[in-house]
Amino acid sequence: MKDLVITVKTLFGFEDILKEELNELGYDKVETLNRAVQLNGDWEDVYRLNYHCRLAISVLVKVKSFTIHKEEDLYKQAKKIDWPAYFDVKKTFAVKGAVFSTIFTHTQYPFLVVKDAIADVFREKCDDVRPDVNLKSPQVMFDVYIKDRNVVISLNTSGVPLFQRGYRQEVGEAPMNEVLAAGILRMSGWDRKSTLIDPMCGSGTIAIEAALWAANIPAMIERNHFAFKNFKSFDAEAWEKVKAEGNSRPIKLGFDILASDEDGEMVKKARRNSRMAPIGNMVTWDVKDALELEAPDDKGILICNPPYGERMGEEVEELYTRLGDLFKQKFLGYDCWVVSSNTDALKHIGLRPSRKIKVFNGNLECSLRQFQVFAGSKKYDNSEDEADGVIPKPRGVRRENRKKIEKPVEETTLQSEKESENEVEKKEYNPTRRVIETPASEKPRKSAASRYGSAKSAYLPVEDNKEEETEDAVKPHEDKVEEETPKKTVKQERKPRLGASKYGQTPKFLKRTQSDEETIEESSKEVEEIQSESISDKVERDAQDSSSDSSEEEMSLKDKIAEMKRKREE
């Protein structure tokens with residue numbers, strides 16, 4: 001079988017970097033799928049992909065694809081496959097996969113249907129003998145992928161997932177997936193020639209994957225179990241040929257891979273895991289607090305997997321804040337990468353990431369963020385998420401203080417003189433002050449407020465009497481209104497004016513006929529008589545004359561006379 005359809009499955013978002021890795025292995029014709037890539041090859045290629053590929057989870061070989069319309073169609077099509085041609089009846093097997101179809105009400109039911117079809121075929125062709133099912137550690141595994149009505153059944157040549165490298169014997173409470181660690185290293189742009197630092201190494205996955213990649217050691221060099229060994233098509237010579245490819249011994253890198261952790265027990269586990277991989281002393285392990293580290297070189301890569309704060313009572317905001325301060329103060333010139341599922345805590349780093357990449361660590365959705373710290377200028381790449389298609393634009397966190405350029409004294413003096421000359425011609429507009437210019441004319445315009453020394457309105461001209469003009473000429477201006485900053489003033493009561501009597505003239509209301517004066521004198525005498533009367537007499541008199549209209553007129557006249565006297569006394 002030389003024209004095999006090979007599907008290499010990977011993690012979410014790793015399709016492009018997996019395609020890049022396959023190109024490095026010599027496979028140019030690669031098609032990108034959802035969480036997978038596809039290519040054509042033979043069994044030797046299948047072995048090579050399983051052995052060398054660092055970003056693969058499993059390698060599948062297509063057996064058959066078909067279309068179904070109901071549940072019974074899946075069993076009929078699966079029973080047509082010659083299953084005894086792929087593996088022996090003594091091998092254990094399992095059926096797994098993924099279902100995205102409305103034909104089946106339960107996602108696990110299609111796997112049971114295919115399992116029954118395999119067992120029935122073996123009974124018919126092997127004298128009523130069938131292979132056993134082992135879901136935990138099967139020797140042979142089949143993959144069923146159903147989308148809508150399309151079904152693809154494949155051989156899973158890897159068996160257990162390929163992130164189980166074989167070197168990691170001891171892990172911590174939250175170990176990182178080996179495929180995820182290898183993918184982060186590739187996405188970081190590490191050139192495998194510069195310093196790499198993991199300040200929170202845990203069980204050492206990132207550092208060990210970095211050493212294997214830098215030394216060109218196959219990712220699965222310590223793994224012995226592969227499902228393709230249990231197929232009848234297994235070619236031992238081709239497998240040995242693939243194993244001979246690549247390096248199998250540690251080398252001198254010429255740069256440092258530094259891994260440390262504040263937990264001494266975790267560092268011991270990391271050392272034990274590194275001894276299982278053929279990396280020798282390519283990694284320097286140390287027990288040290290991450291916040292006390294200092295950059296050994298001018299540039300390099302730092303990859304950090306801090307606590308996510310998923311455990312009860314675990315507060316990590318302060319840790320992320322201090323981690324950001326460490327980047328700015330001690331790792332100028334480095335590309336610092338942080339992966340975490342706690343997006344709120346990532347904001348406490350205090351730097352705007354230049355890249356954000358969505359990744360999955362197991363079932364946890366995480367964000368991988370890059371913080372570029374430039375030496376010297378202390379500027380950082382503050383672009384938006386690269387997934388949005390925005391080109392990164394460098395933006396400075398700090399700006400250098402610009403020196404003010406002092407102008408020469410002569411130039412300043414000439415400029416001030418020119419401004420003083422033009423000051424008369426140009427008047428600066430002040431919105432808080434209203435300037436009213438009166439046009440030059442022989443008869444200046446008068447306004448209603450001209451008697452107070454300033455015009456309140458330039459749009460309501462009122463002609464004043466000549467007598468008021470004379471008065472303004474004699475009387476000085478006592479009240480001045482400041483229009484620049486208007487203020488509320490308390491109005492003072494003024495004494496009522498008595499016309500021109502103040503200046504020796506007869507008041508207008510006294511210019512009456514002689515008969516009016518006599519009438520007023522007679523009424524004044526009557527008022528005096530009334531005032532001299534007793535209160536009782538006045539009551540009786542008012543009662544007797546209440547019905548007459550003359551009494552009302554008399555009382556109203558009395559009131560007028562009393563008011564007139566009061567004004568005279570004032």
Closest non-hydrogen atom pair between Val152 and Ser65, with its separation: CG2-CB, 4.1 Å
- prompt: Which class fits the ring pair Phe93 and Phe142: parallel under 30°, tilted 30 to 60°, perpendicular over 60°?
  reply: perpendicular
- prompt: Mind checking whether Tyr51 and Trp239 have parallel, tilted or perpendicular rings, split at 30° and 60°?
  reply: perpendicular
- prompt: Could Asp45 and Arg48 be called an ion pair, given the rule that one side-chain N must be under 4.0 Å from one carboxylate O?
  reply: yes
field: Which residues share a salt bridge (charged side-chain N to carboxylate O under 4.0 Å, His left out) with Arg271, sequence neighbours left out
entry: none
- prompt: Roughly how far apart are His52 NE2 and Ile221 CD1, rounded to 0.5 Å?
  reply: 9.0 Å
message: Can a side-chain donor-acceptor contact be found between Glu240 and Tyr47 if the only test is distance below 3.5 angstrom?
response: no
query: Regarding Thr195 and Asp297, is there a side-chain donor-to-acceptor distance under 3.5 Å anywhere?
result: yes
statement: Looking only at heavy atoms, the pair that brings Ser203 and Ile208 closest together is O-CD1, 4.5 Å
- request: List the steps and the verdict of side chain to side chain donor-acceptor pair (under 3.5 Å) for Glu21 and Tyr27.
  value: CA-CA 9 Å; Glu21 184 181 21; Tyr27 300 100; over 6 Å; no
- line: Result for side-chain contact (heavy atoms from CB on, under 4.5 Å) between Ile184 and one of Val179, Asn305, Ile303, Thr205 points to Ile303
Below 3.5 Å, can you tabulate the donor-acceptor pairs from side chains in residues 223-230 to any protein atom, sequence neighbours excluded?
| residue | atom | partner | partner atom | Å |
| --- | --- | --- | --- | --- |
| Arg223 | NE | His225 | O | 2.9 |
| Arg223 | NH1 | Pro161 | O | 2.9 |
| Arg223 | NH1 | Gln164 | O | 3.3 |
| Arg223 | NH2 | Ser158 | O | 2.9 |
| Arg223 | NH2 | Val160 | O | 3.0 |
| Arg223 | NH2 | His225 | O | 3.4 |
| Lys229 | NZ | Asn224 | O | 2.8 |
| Asn230 | ND2 | Gln139 | O | 2.7 |

Contact summary for Leu323 and Cys304, nearest pair of heavy atoms: CD2-SG, 4.0 Å
message: The criterion is side-chain contact (heavy atoms from CB on, under 4.5 Å); which residues satisfy it with Lys70, sequence neighbours excluded?
response: Glu72, Asp73
message: Quick check: closest heavy atoms across Pro175 and Asn361, and the distance to 0.1 Å?
response: O-OD1, 4.1 Å
task: Would you please indicate if the ring centroids of Phe360 and Phe12 are separated by under 6.0 Å?
output: yes
- prompt: With Lys299, which residues qualify under salt bridge (charged side-chain N to carboxylate O under 4.0 Å, His left out), at least two apart?
  reply: none
query: Got a salt bridge between Asp120 and Arg130, using NZ or NE/NH1/NH2 to carboxylate O under 4.0 Å?
result: no
- request: Would you give the length of the straight line joining atom CG of Asn342 to atom SG of Cys366, rounded to the nearest 0.5 angstrom?
  value: 10.0 Å
- prompt: In terms of ring plane angle, is the pair Trp190 and Phe255 parallel, tilted or perpendicular, where the classes change at 30° and 60°?
  reply: perpendicular
message: Looking at every non-hydrogen atom in both residues, tell me the closest pair between Cys53 and Leu18 and how far apart they are.
response: SG-CD1, 3.5 Å
Check residues 260-270 and write down every donor-acceptor pair under 3.5 Å in which the side-chain atom is one partner and the other belongs to a residue at least two apart or another chain.
| residue | atom | partner | partner atom | Å |
| --- | --- | --- | --- | --- |
| Asp261 | OD1 | Asp263 | N | 2.9 |
| Asp261 | OD2 | Gly202 | N | 3.2 |
| Asp263 | OD1 | Glu265 | N | 3.1 |

Donor-acceptor contact present, side-chain Lys79 to main-chain Leu74, <3.5 Å: no
- prompt: Do any pairs count as a side chain to side chain donor-acceptor pair (under 3.5 Å) and have a residue in residues 6-18, sequence neighbours left out, and if so which ones?
  reply: Thr7-Gln38
query: Can you name the one residue among Asp3, Val5, Val30 that meets side-chain contact (heavy atoms from CB on, under 4.5 Å) with Asn40?
result: Val5
- prompt: Is Lys91 paired with Asp88 through a side-chain N to carboxylate O contact shorter than 4.0 Å?
  reply: no
- request: Enter the distance from Lys288:NZ to Met200:CE here, rounded to the nearest 0.5 Å.
  value: 13.5 Å
- line: Between Ala219 and Arg165, the two heavy atoms sitting closest are O-CD, 3.8 Å
query: Distance from Ile57 atom CD1 to Leu11 atom CG, nearest 0.5 Å?
result: 4.0 Å
message: Quick one about Ser340 and Tyr320 (side-chain donor to acceptor, distance below 3.5 Å, no hydrogens or angles considered), yes or no?
response: yes
task: Considering only NZ, NE, NH1 and NH2 on the basic side and carboxylate oxygens on the acidic side, decide whether Glu178 and Arg168 come within less than 4.0 Å.
output: yes
